[in-house]
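Bear in mind that the values here come from a model prediction, so they are computed numbers and not experimental data. Per chain, numbering begins at 1; letters A, B, ... match sequence-line order.
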Amino acid sequence: MDIVVAEDIAKAYGTGSARMEALRGVSLSLKAGETVAVIGPSGCGKTTLLDVIGLVLRATGGSLEVGGVPTGSLTDRAAARLRNATFGYVRQDFALMEDERTSTNVELPLLYRRPRKRRSERRRSVQDSLAEYGVGEVVDRRVNTLSGGEKQRVAMARAMVNRAQVILADEPTGCLDSANAEAVFQALLDAAAKGSAVLMATHNTEMAARCDRVIELRDGLQV
Amino acid sequence: MLGEAVAGLRAALREWPLTFMFAGLTLVATSMCALLLAFALPAVRAQAATDRLTAADAVYFSVSYTEVESVAPASAPALKDAWLRAVESGGGYSAVYTNPPVSTSHDGEVLLAIGQFAEAFGIDKSVWPEGTALVGADFAREYGDSPIFVDGESVPISGVFARGYSFRDPWNVWGSADGLAVVRLRADRIVDMGPAAFEEAVTRTVLLRPSQAAVDDYVAHAADAGLLLIPKSLDDQPTTLLGVSQPVAQTLVMSAAFLTLALMACGTWSAHTARRSRRELAIRRLHGASVAQIAARHAAYCGFSVAMPFGLAAVAASLILPFDRATGIVVASTITLVLWAGLTVASVRAGTHGEIGPALRTKGREWT
Ligand SMILES: Nc1ncnc2c1ncn2[C@@H]1O[C@H](COP(=O)(O)OP(=O)(O)OP(=O)(O)O)[C@@H](O)[C@H]1O
Ligand SMILES: [Mg+2]
């Protein structure tokens, strides 16, 4: 069964003369275990597409089902639950709380998960996940002391800590040297092998080619 | 939810210099307003009485003791007659507050009311027969059961004034009725109660709608007895619209402005904190925090740094203000709750309005 079904998604930012159509009719579906790459030039709408799918932005047209639930009229609370239960996010700018410790950041998906695990279990999950990406030693460091590459791997660890059904990865290898980039990409493939769906925006055509499917965007249109 | 509230408290504590500054400001401003109101409210309440006295062209007197060897006024029979005419047939009234021939087993204050006192203050005489007392709310609570003796005679209590009931006293010594027992007496009894009481009654006489001749006559008789009375009208006293004396009104307006500023500063700060933490709140919402959970965080933050000190001060204030206590506490708590809810809603809106996506792209420091 498809975890995500998006049909004819449109997204416009702003109103009036400032109106900017970032997506103009994009359709896609995601199955468990599938890897899908979103490619296209800068500004074509990759991040916007991932955000609409991840219930971070509301589409201005089309329909979106997540886990069989139509998302058109979700309450704030229901949307929050669905985000937590379905998605792991690796964002282009990492979306880490800079003044907080790494552990606090990686714990977030577990903190808002219902039912919530005990503190000691959460702590163990956080450490395991960080160790998996080779950043186990930064668990108690403040994020603003980490390097760009470390932040990227911390963001990966957070996206995976909840065993998300869908991983939305926006340029997950952008800040990494080729060896680390390959390791992170391999981790996404591993997650897919374990049953997660992976939707990845990337400029790396070689990695995109290794995904099951490629969606190419140009000016908000699927090509 | 509880975890979020604790995080909000931690945030308030982490910013303790600011939190305590705002808490202090709110506390000081609220207390100042309350104290001033406690002074001013009786005067405000007395406005109706003032209007009545002003409409009656009330004339009162100030005394000038210039004569070194004054004749004891009590020993001047002509003055007695003139005074009795003034307060009985003449439509005036008088009061004895400082030197009443009163004995009680406590030190509650007793005012003797003479002449057209009830008429002047619009009190129904049928509930206040001569020789009985109306008492203020505090007096009733503290000394209600102890007898009052005036000139050796026991005075029954015939009623209780509503809390905050106030007279208009040109000399500003017995404005609020709360702590008073007011005994209604026939004028001729005062004459026999000794020189001190009589002299006070003569000087605290207020003439209602007097002719110029009547005023002159009264002043002349007092002067013969060695008492130089200077007639004054209530219009001579500086009053504002509310009937509060000007300095009190000015201070009141200033501290109300101060309180408003303090609350605005608190509100602005809460909203600023929320806006500053918009990105962090977006990150939390991204990972499953609902707006309700975020509201719990803000509620704890605003509650601790603003609503709690304000509420404490407001409840304390309601205890000193001349209102019914229970009502005061209810009103104070309601205002506090409204303030708290308003601040929380405002800062939640500032922190979470719009979609998560754009908020994630904003710059901002973290909350906790
Ligand atoms: N909040 C916003 N308001 C207005 N326009 C926006 C907003 N966010 C994005 N856009 C515009 O929408 C278009 C698509 O942006 P998006 O971030 O999705 O591009 P992208 O494909 O991810 O680009 P990149 O590869 O550089 O990350 C861009 O032209 C961008 O300027
Ligand atoms: Mg992008």
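A salt bridge does not link B:E280 to B:R285: none of the charged side-chain nitrogens sits closer than 4.0 Å to a carboxylate oxygen. The pair A:D51-A:R91 meets the salt-bridge criterion, with a side-chain N (NZ, NE, NH1 or NH2) lying under 4.0 Å from an Asp/Glu carboxylate O. A salt bridge links A:R218 and A:E216; the closest N-O separation between the charged side-chain nitrogens and carboxylate oxygens is under 4.0 Å.
Here the side chain of A:R122 pairs a donor or acceptor atom with the backbone of A:K117 at under 3.5 angstrom. Looking at B:R279, its side chain does come within 3.5 Å of a backbone N or O of A:L96 through a donor-acceptor pair. In terms of modelled atom types and a separation under 3.5 Å, the side chain of A:N105 and the main chain of A:M97 share a donor-acceptor contact. Panel note: side chain A:K46, backbone A:G40; a donor-acceptor pair is recorded below 3.5 Å.
Residues A:T47 and A:D170 bring a donor and an acceptor atom of their side chains to less than 3.5 Å of each other. No side-chain donor-acceptor contact under 3.5 Å links B:S290 and A:Y112.
Taking 4.5 Å as the heavy-atom cut-off, the residues of residues 125-161 of chain A that approach chain B are A:R158, ordered by number. Inspection of non-hydrogen atoms places no residue of residues 342-351 of chain B under 4.5 Å from chain A. Of all residues in residues 302-312 of chain B, none places a non-hydrogen atom less than 4.5 angstrom from a non-hydrogen atom of chain A.
The greatest number of non-hydrogen atom pairs below 4.5 Å with chain B, out of A:R114, A:Q92, A:R58, is found for A:R58. Most heavy-atom pairs under 4.5 Å with chain B, from the set A:L108, A:L111, A:N162: that is A:L108.
Nearest heavy atom pair, residue A:I53 against residue A:V66, reads O-CG2, 4.2 Å. Considering every non-hydrogen atom in both B:W340 and B:A299, the closest pair reads NE1-O, 2.8 Å.
None of A:T86, A:L74, A:L64 except one satisfies the side chain to side chain contact (heavy atoms under 4.5 Å, CB included) rule with A:V69; the exception is A:L74.
For residues 15-26 of chain A, the set of pairs meeting the side-chain hydrogen bond (donor to acceptor under 3.5 Å, both in side chains) definition, not counting sequence neighbours, is empty.
Proximity to chain B (any heavy atom under 4.5 Å) is shown, for A:L82, by neither the backbone nor the side chain.
B:Y165 and B:F161 have parallel rings, their planes meeting at less than 30° on a 0 to 90° scale where 60° marks the start of perpendicular.
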